[in-house]
Each structure stands twice: as C-alpha cells, then as structure tokens.
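Keep in mind that the numbers below use all heavy atoms, side chains included, and drop hydrogens, waters and symmetry copies. Just so it is clear: chains get the letters A, B, ... in the order the sequence lines come, proteins before strands, and each one is counted from 1.
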There are 2 protein chains.
Amino acid sequence: MDKPDASLRSFLGYDLKRAFAVIQSDVNAVLQPFGLRMVTFSVLVIICDNPRLRQTQLAEILLIERPNLVAILDELEHAGAVVRVRAPDDRRAHELSATLQGQQTCDRALEAVRDHDARMTNGLDKNQREALHTALRVVQSNGRSVDDRRKIPRS
Amino acid sequence: MDKPDASLRSFLGYDLKRAFAVIQSDVNAVLQPFGLRMVTFSVLVIICDNPRLRQTQLAEILLIERPNLVAILDELEHAGAVVRVRAPDDRRAHELSATLQGQQTCDRALEAVRDHDARMTNGLDKNQREALHTALRVVQSNGRSVDDRRKIPRS
DNA sequence: TATTGTTATACTCTATAACTATA
DNA sequence: TATAGTTATAGAGTATAACAATA
C-alpha cells in the first residue's frame, strides 16, 4: 500500500505524537549548546518569569510530580543557572531564582527556540500558526479535568 | 502572575506536549475495555490494513525500533488478536495477520477512538479540524529528515 | 496533623549491541 | 557477509510511598 498508516492518519493522537516527537528531537538539539533539555529549559523559563517561586508551585504549573523536579533543579543549580533559597517566612520551602548567568542563558535559549519554532512552522502563515495554537488549547481543555484524571490511577 | 507559563505558551513544543499528554491519557482510557493501549492499537490497525506485513516493515511505518516491537506483538498474539506466520519465501521473516477476533476488536476500537477524537475536537468546526491535521503534518515535514536524525545519536 | 522538599523505587518508553537462524 | 527477529540492557520519563524538617 502506498500509505500503510492511512487509517491512523485521521486520528489526532497519531499526528500529535509524531509531530511532538519531531519537535522534541529538534528542540533538544537546539538547546544542547546551552546545556539545556526541553524540561530544564521549561523550568528555567518559568523560574525567570516568576521570581521566588516555590517548588510545589513550579511542579503544579508544569504538571511535573514534585519528586521528579528535584533532579531537574539539581541539574540547573549545579550548572549555576538557578539557586534554591530557604523561604524566610516558611523554612520548609525553597524560593527559586535564576542567577544572572541563568537569565542570560534563558534569554539566548528563548531566542533560539523562537527561531526554531519559526522553522518548524515554515509553510504556515500567521493565521495558520495562531489557529494551530488555538486548536491545541481547545484539545487540552476538552480532556478530562485534572481532578477527574487523578481518580484514574495510571496513564 | 495570572499565567505563569505565558512565555512557554507561545512555543509549539509546549502546547504539543500538553495536548498529546491529554490525548494519550484519554485514548488509553478509551482503549482499556478492548485490552488495548495506544501503541498496541496502532500496531493492530496497521496489521489489519496491511495483511502479511513483516515486522521490519511495521517497525518502519510506526517509527518503532524492531526490538521494542517484539513485546508489543507478544501482547497482541497472547491476546489472540494477531498471529506471526513464517514467511514461505524467507524463513527468517514473520508475516503478521490479524485473527477474526483481532479484526473485530480493531473495528470496535476504531469506532471508539473516532468518537473520542470527535469529543477532543469539540468546539472546532470541520475546517478547523482539517487545518489542525494539515498543520501537524507540515510540522512533521519541517523536522530534520530521518536520515539526518540518525546522524545525531540521542535526542 | 499537615505540608515542603527529598529519597527510594518501580514501571513504561525508547535506544543500542549482540545473538540465532536463515539468506 | 547480510538480514529478520530476538534478547539483554541501559537510559530517559513518570508515578507513588514514605521520610525529615518545619508549620
């Protein structure tokens, strides 16, 4: 057959999975010169945009489980991009902030990823790019709510 | 901040990852009554649509590494949905075919996933749904070619 | 008691090398 | 010598339970 996956091509999950695989691979290659991966990049951007954020809040924003955030922050802290500071008002919590170097890395990485995004949407005009983002958010909002999903143990 | 991830929201990778996470979780829930997961569903559909396909070809179509396909096919074979038959002309190869039961499961699962897709794109009209698929394929084609990607060892 | 960050752990997914049987 | 399927294995990514420090 010429298109052996024609049936699957009509499904959103199939196209989404393949498009995401392509993007993730590419973005990781783009971020490698900055010593970043897709996750560490996302975490760094959130920390730069939201100074003194705490780990629990960061985990909620990025839908990462708290335990899994620990190694990611260790990586960024060892690289000198972010610091964990004991919160003065609650000595259990850590306030996360980017170092000057972390902010510079973040700015440059943001630019590189923006350029990459433009390349990945090459062939789509501005309206089509916006429509793509809009559609992806509609899909997200049509999913079961976080509360609903919590009731179903795995996957 | 009201939208702490506003910067990331402009990136395709971010929206794609979150949209795919929602879809995958939902689709797996939809497929559970059929004893299928997203991967086993995809494999079953390809086998139903392409009788006597060989494992290497199947792996290429779905971008799965050959070794990782083995357990997936074991799962489907133990469930009685597909069979591996020695190729008469090449006794190294396996020809994959769906059993009658496998075809019935496939048909019913296809319908369920089609319904689910309609729910996930609720709020988008027909043109917008088509535009979404088109855009996702443009993104895929803008990624580095498979040959290029092979030159870069890991993600 | 409850919460923050952490450790330990387990399960899935993915990727590579090397084996076997056939060609 | 090469190929098809397989095994073993290692690395990510992700999820849960339980602990120490603090509230």
Side-chain angles (χ1 to χ4, degrees), chain A residues 13 17-18 20-22 24-25 27-29 31-32 36-43 47 52-60 62-77 82-96 146 149-155, chain B residues 13 17-18 20-22 24-25 27-28 31-32 36-43 47 52-77 82-96 146 149-155:
Chain A
K17 180 169 188 165
R18 292 174 85 106
F20 176 66
V22 164
Q24 182 173 49
S25 173
V27 166
N28 279 332
L31 289 173
Q32 195 174 341
L36 295 172
R37 296 171 293 137
M38 207 166 173
V39 224
T40 51
F41 169 72
S42 299
V43 166
I47 292 174
R52 303 183 62 188
L53 196 69
R54 298 181 184 187
Q55 292 184 205
T56 299
Q57 300 172 302
L58 175 54
E60 279 169 7
L62 289 180
L63 307 180
I64 298 174
E65 296 301 319
R66 266 80 39 122
N68 298 330
L69 194 54
V70 175
I72 296 168
L73 288 172
D74 286 349
E75 193 177 326
L76 286 169
E77 199 168 28
V82 307
V83 286
R84 286 187 253 223
V85 179
R86 281 274 165 220
D89 58 316
D90 184 346
R91 293 185 41 74
R92 294 171 302 181
H94 287 154
E95 290 180 347
L96 303 167
V146 175
R149 191 165 302 111
R150 282 281 150 79
K151 289 174 191 164
I152 298 178
R154 49 201 121 279
S155 179
Chain B
K17 180 168 188 166
R18 291 173 85 105
F20 175 66
V22 164
Q24 184 173 49
S25 172
V27 165
N28 279 331
L31 289 173
Q32 195 175 340
L36 296 171
R37 296 171 292 136
M38 206 167 174
V39 222
T40 52
F41 169 73
S42 300
V43 167
I47 291 173
R52 303 181 62 187
L53 196 69
R54 297 179 185 188
Q55 293 184 205
T56 300
Q57 300 171 300
L58 174 55
E60 280 169 7
I61 293 167
L62 290 180
L63 307 181
I64 297 174
E65 296 300 319
R66 267 77 42 119
N68 297 330
L69 194 55
V70 175
I72 296 168
L73 288 171
D74 286 349
E75 192 177 324
L76 286 169
E77 199 169 28
V82 308
V83 286
R84 286 187 255 224
V85 179
R86 282 274 164 218
D89 59 317
D90 184 346
R91 294 186 39 74
R92 295 170 303 181
H94 287 153
E95 290 179 347
L96 303 168
V146 174
R149 191 166 302 113
R150 281 283 150 76
K151 289 173 190 165
I152 299 179
R154 51 202 121 279
S155 181

Close side-chain approach of B:N28 and B:Q32, heavy atoms under 4.5 Å: no
With B:V83 via side-chain contact (heavy atoms from CB on, under 4.5 Å) - residues at least two apart: B:V85, B:S97, B:T99
Between P of D:dT3 and CD of B:Q57, the distance in whole Å: 15 Å
Minimum side-chain heavy-atom gap A:L96-A:V82 below 4.5 Å: no
Nucleotide D:dG5, atom C1' - distance to CG of B:L53 in whole Å: 14 Å
Distance in angstrom units between B:L96 CG and D:dA4 C1', rounded: 12 Å
B:E75: partners by side-chain contact (heavy atoms from CB on, under 4.5 Å), with sequence neighbours left out: B:R37, B:T40
Euclidean distance, atom CE of residue A:M38 to atom P of D:dA12 [Å, nearest integer]: 17 Å
Phosphate contact (C:dC19 OP1 or OP2) by B:R66 side-chain N/O below 4.0 Å: no
B:A87: side-chain contact (heavy atoms from CB on, under 4.5 Å) partners, not counting sequence neighbours: B:R54, B:D89, B:A93, B:E95
Short side-chain N/O contact from A:Q55 to OP1 or OP2 of C:dT6, under 4.0 Å: yes
d(CD, B:E65; P, D:dA8) in whole Å: 19 Å
Atom pair distance, as rounded to whole Å: NE2 in A:H94 and C1' in C:dT6: 9 Å
pair B:I47-B:L73: side-chain heavy atoms closer than 4.5 Å: yes
B:I72 CD1 to B:I64 CD1 distance, which is reported to the nearest 0.5 Å: 4.5 Å
Separation between CG of B:D74 and CZ of B:R84, rounded to the nearest 0.5 Å: 4.5 Å
B:R86 atom CZ, over 12 foreign heavy atoms within 6.0 Å: yes
Residue pair B:T56 / B:L69, side-chain heavy-atom distance below 4.5 Å: no
For DNA chain D, the residues among residues 69-76 of chain A that have a non-hydrogen atom under 4.0 Å from it: none
Under 3.5 Å, N/O pairs linking protein and nucleotides 9-12 of chain C:
none

Spacing between A:I64 atom CD1 and D:dA12 atom P, to the nearest angstrom: 16 Å
Got a list of protein N/O to nucleotides 20-23 of chain D N/O distances below 3.5 Å?
from   : atom 1 : to    : atom 2 : distance (Å)
D:dA23 : OP1    : A:R91 : N      : 2.8

A:E60 CD to C:dT3 P, straight-line distance once rounded to whole Å: 12 Å
Backbone of A:M38 reached by a side-chain donor or acceptor of A:S42 within 3.5 Å: yes
Nearest to side-chain heavy atoms of A:T56, which nucleotide of C:dT6, C:dG5, C:dT14: C:dG5
